[in-house]
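Notes for the one structure printed next.
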Amino acid sequence: MNEQTRPATVRVFIALAPPDDAKEELARELGPAYAAYPHMRWNRIEDWHITLAFLGELPVEAVPLLRPPLAGLAAAHGPVRLSLRGGGHFGERVLWSGIDGDLDGLHRLAAEVRAVVRECGIPFEERPLRPHLTLARARRNDASSAAEAAAGLSGFAGRRWRTERLHLVGSNIGRGPGPIHYRDIEAWDLGGGVGDEGAQGDTDG
């Protein structure tokens, strides 16, 4: 991508992600819903995440400001033990799975992440944390699929797992009618260790 076509902004959020086996456990539970509601916009399993802070559209040059303090925060913060449990819906369209476990620890981590963002001088809308995994969105004329799929998850209780990494995520693609795809800009091991730096241009989305 040349300089003339590089985007000036990137949509950014900071998140945790369940390990693969926990996501696969939920995906198996969702099998009947996948079959029953094929017209919902299902998120890719690799994109499932727990948002700690949604920063929205940022100038691409603002993103490097976040890297050192988030790396330091991750190194100093131990893992949080969580699990996926049940389901619900926001309005008539957004299907989600709930989060269980050390919710106090999750809220503390989110508060620390948001403090880092503020200290970097990056403005964002501080919405109350409602821990969840967004799974799918129903079409605008579909008022029942999300609620029915959520009811099918009511008895789901996934295994407990430890959060492993803090993810700085960007997206500049999928903003049309199709699914939104995300890409790690960088991720850091919680409790120390070396994170994976995104390839040059990850903030291109």
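This chain uses plain numbering: 1 for the first residue, then up along the sequence.
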Donor-acceptor under 3.5 Å (Arg114 side chain, Leu52 main chain): yes

Can you tell me how far the CZ atom of Arg165 sits from the CG atom of Leu16, to the nearest 0.5 Å? 12.5 Å

Between Ile185 and Val169, which heavy-atom pair has the shortest distance, and what is it? CD1-C, 4.0 Å

Minimal heavy-atom distance between Ala27 and Ile45, with the atoms involved, is CB-CD1, 3.9 Å

Hey, does Leu153 have a side-chain heavy atom less than 4.5 Å from the side chain of Leu26? yes

Tell me, please, which residues at least two apart from Pro79 pass side-chain contact (heavy atoms from CB on, under 4.5 Å). Arg162, Thr163

Atom CZ of Phe156 and atom CD of Glu25: how far apart are they, to the nearest 0.5 Å? 4.5 Å

Do the non-hydrogen side-chain atoms of Glu186 and Leu66 ever get within less than 4.5 Å of each other? no

For Glu119, what residues pass the salt bridge (charged side-chain N to carboxylate O under 4.0 Å, His left out) criterion, not counting sequence neighbours? none

Atom CD in Glu46, atom CG in Asp20: separation rounded to 0.5 Å? 9.5 Å

Could you list the residues that satisfy side-chain hydrogen bond (donor to acceptor under 3.5 Å, both in side chains) with Asp142, not counting sequence neighbours? Ser145

Sidechain-backbone polar pair: Arg160 side chain, Gly101 backbone, donor-acceptor under 3.5 Å: no

Looking at Leu55 and Phe124, what are the two nearest heavy atoms and their distance? CD2-CG, 3.8 Å

What is the distance from atom NZ of Lys23 to atom CG of Leu84, rounded to the nearest 0.5 Å? 10.0 Å

Under a single-linkage rule joining Ile, Leu, Val, Met, Phe, Trp and Tyr whose side-chain heavy atoms are separated by less than 4.5 Å, which residues share a cluster with Leu65? none

Ala33: partners by side-chain contact (heavy atoms from CB on, under 4.5 Å), with sequence neighbours left out: Leu30, Tyr37, Trp42, Ala149

Tell me the side-chain hydrogen bond (donor to acceptor under 3.5 Å, both in side chains) pairs involving residues 79-99, sequence neighbours left out? none

Please find the pair of heavy atoms, one from Pro69 and one from Cys120, that lie closest to each other, and give the distance. CG-SG, 3.7 Å

Can you sort out the partners of Ala71 under side-chain contact (heavy atoms from CB on, under 4.5 Å), two or more places apart, ordered by chain and number? Trp188

Residues which pass salt bridge (charged side-chain N to carboxylate O under 4.0 Å, His left out) with Arg140, listed by chain and number, not counting sequence neighbours: none

Indicate yes or no: at least one non-hydrogen side-chain atom of Leu95 is less than 4.5 angstrom from one of Met40. yes

Side chain to side chain, Val116 and Ile14, heavy atoms closer than 4.5 Å: no

Interatomic distance, CD1@Ile50 vs CZ@Phe13, rounded to 0.5 Å, equals 11.5 Å

Partners of Glu112 by side-chain hydrogen bond (donor to acceptor under 3.5 Å, both in side chains), sequence neighbours excluded? none

For the hydrophobic clusters of this structure (ILVMFWY residues joined by side-chain heavy atoms under 4.5 Å, transitively), does one cluster hold both Phe90 and Trp48? no

Compile the donor-acceptor pairs under 3.5 Å between side chains in residues 129-136 and protein atoms, sequence neighbours left out, one pair per line.
residue : atom : partner : partner atom : Å
His132  : ND1  : Arg130  : O            : 2.5
His132  : NE2  : Thr134  : OG1          : 3.3

By salt bridge (charged side-chain N to carboxylate O under 4.0 Å, His left out), which residues pair with Glu126, not counting sequence neighbours? Arg118

Considering non-hydrogen atoms only, spot the tightest contact between Ala22 and Pro18 and give its length. CB-CB, 4.2 Å

Which heavy atom of Leu106 sits nearest a heavy atom of Val80, and at what distance? N-CG1, 4.0 Å

How would you list, by chain and number, every residue that makes a salt bridge (charged side-chain N to carboxylate O under 4.0 Å, His left out) with Arg159, sequence neighbours excluded? Asp21

Nearest 0.5 Å, what's the CD1-CG distance between Ile99 and Leu82? 6.5 Å

